[in-house]
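Below is one structure, written out as structure tokens; comments come after it.
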Amino acid sequence: MDSDSSDPTGPAVAPLPPDTDPPALPANNLFPIFLKLENMRVLLVGGGNVGLEKLGAILRNSPATAVTVVAPLLLPELRELAARHPKVQLHQRPYQDSDLDGADILFLATDDVALHRYIGSAAAARHLLTNVADTPALCDFYLSSVLQKGDLKIAISTNGKSPTIGKRLREVLAEVLPAELSNVLSQMTVIRSRLQGDFANKVKSLNAVTAELANGPAYETPATTYWRRVATAALFTFAVFILLNIISYYFTPAQVWQLARSSGMFYTFVAVGFVAQMVDGVLGMGYGVVSAISLMSLGMSPVSVSASIHTAEVFASGASGYHHYRFGNVNKRLFRVLLLPGIAGSVSGAFLLVHFGETYAGYIKPVLAVYLLLLGLRIIAKAFRTASQQRKKVKNAGWLAGAGGFLDSFGGGGWGPLVTSTLIANGRTPQFVIGTVSLVEFFVTFASAFTFFTMRGLSHWQIVAGLIVGGVAAAPIAAKLAGRLPTRWMFVGVGLMVIIWSLWALRKLL
């Protein structure tokens with residue numbers, strides 16, 4: 001019997017009088033079952049179009065099944081299908097009673113009703129389950145309309161009454177159920193295998209895993225908790241280094257007085273840090289670019305610009321990454337792919353900038369202006385580019401992270417515009433891309449800032465302090481809004497700002 005399903009439509013009926021129970025609908029008494037057909041021997045009688053359909057259904061669901069096909073005529077398409085499956089045997093001849101020997105299950109797919117009845121009687125005597133094409137009365141079982149999403153398989157039965165309805169229901173479910181369901185099943189299998197203890201402890205652990213789905217706290221594995229604590233300790237240690245550096249070199253009465261007199265400039269950089277982190281947290285890019293524009297406009301050297309930005313960005317990105325993780329915006333697998341290459345690129349970019357930034361500043365500044373101009377054009381192009389609906393695999397994601405880290409350290413910005421926009425353009429979900437890239441950015445900026453700090457020490461600490469205060473204040477707000485606001489015109493605004501500044505800088509330098 002072909003794929004089937006039940007028909008939800010029917011003739012109109014008169015309304016029932018009060019206190020009258022509706023008539024009982026006929027029940028579908030078929031017993032649903034999924035067979036390990038690959039452990040059975042299947043006999044298929046018929047080599048025409050119906051036989052081809054039956055063989056295709058068998059092999060599509062159980063490719064390693066041993067099938068014997070018997071028919072006087074065999075379609076070329078059926079031969080081609082059989083050639084791709086070594087366990088399929090073809091016998092071009094009429095049916096013989098001996099064909100039933102050794103068979104476990106039987107499919108009849110010819111146009112000879114009398115032959116079907118004859119073979120069905122012989123099969124019943126041998127207690128063989130039989131499916132007869134287009135003859136429900138002779139069937140021991142029906143084939144269902146099947147939807148498969150990885151390990152998830154859904155079979156639809158209409159009790160043999162309407163194959164068309166079954167196929168339509170399958171199409172509807174195929175559109176509604178996401179392909180990621182297969183990943184969910186795989187992950188739940190891993191979770192189940194890792195749960196320890198008795199039944200009560202397993203239930204408690206499973207509740208912790210699934211609590212995030214009900215807007216509860218995010219679940220952390222022991223390894224994740226460990227690395228979160230390492231990151232927190234690293235951030236705290238770096239803050240202590242900066243504080244000791246400030247106390248040792250700058251914290252004098254004269255500096256205190258100077259800070260009080262320049263408080264207006266301090267609050268200016270608080271505002272710059274706030275705006276830069278809001279842009280970066282919402283778009284997944286822009287902190288370095290926005291900050292670099294402000295600092296380079298004051299005539300600072302490229303080394304001082306990048307060092308100041310990354311020193312401040314350690315705290316802003318740390319706060320941003322923490323809140324993104326807290327709100328469940330982080331893809332842990334993508335995080336692992338981007339982390340080490342991003343750090344390596346960041347350290348190399350900072351190292352080269354320290355060695356060549358001062359000596360060749362006259363050459364580097366125009367190069368950086370052109371680089372920022374290209375970044376601005378890329379940001380605007382991203383605003384009007386339709387994101388891919390089909391998720392593509394990002395090839396060489398490690399090299400992408402390495403290039404982003406290098407350009408970010410060497411140019412004072414570029415991690416987000418390069419990495420975030422590339423991942424989103426390949427169809428990945430913006431919310432998780434922004435959250436993951438923001439968390440990796442903490443480690444990238446920490447590596448860059450530590451390199452600058454080791455080779456040059458800390459400079460322009462008033463500006464750094466202002467950027468830190470503004471960035472940390474904006475981080476939770478931006479993380480909450482990430483992926484939830486229409487961002488096209490924000491892309492346009494940031495891109496135009498970068499382009500205008502780049503052109504203005506090139507005009508001054510040329």
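Sequential numbering from 1 along the given sequence is applied to the chain's residues.
With sequence neighbours excluded, no residue forms a ring-ring contact (aromatic ring centres under 6.0 Å, His included) with Phe274. With sequence neighbours excluded, no residue forms a ring-ring contact (aromatic ring centres under 6.0 Å, His included) with Phe450.
In this structure, Lys87 and Thr65 approach most closely via the heavy-atom pair CB-O, 3.6 Å. The shortest non-hydrogen separation linking Leu339 to Val440 is CA-CG1, 4.0 Å. The shortest non-hydrogen separation linking Leu334 to Asn331 is N-OD1, 3.1 Å. Across all their heavy atoms, Ser348 and Phe406 have their closest contact at OG-CD1, 3.5 Å. Of all heavy-atom pairs spanning Phe335 and Thr436, the tightest one is N-CG2, 3.5 Å.
In this structure, CG on Leu143 lies 7.5 Å from CD1 on Ile58, to the nearest 0.5 angstrom. Distance check: Glu53 CD to Glu77 CD gives 13.5 Å after rounding to the nearest 0.5 Å. Between Arg170 atom CZ and Ile165 atom CD1 the span is 13.0 Å, to the nearest 0.5 Å. Interatomic distance, Leu439 CG to Lys332 NZ, rounded to the nearest 0.5 Å: 10.0 Å. One distance of note links CG of Leu147 with CG of Leu169; it measures 11.0 Å at 0.5 Å rounding.
No donor-acceptor pair closer than 3.5 Å links the side chain of Ser62 to the backbone N or O of Leu59. Looking only at distances, a side-chain donor or acceptor of Thr451 sits under 3.5 Å from a matching main-chain atom of Ala447. The backbone N or O of Gly342 lies less than 3.5 Å from no partner atom in the side chain of Ser346, so there is not a single donor-acceptor pair. Under a 3.5 Å cut-off, the side chain of Ser145 and the backbone N or O of Gly166 do form a donor-acceptor pair.
At a threshold of 4.5 Å between non-hydrogen side-chain atoms, the residues Val146 and Lys153 count as touching.
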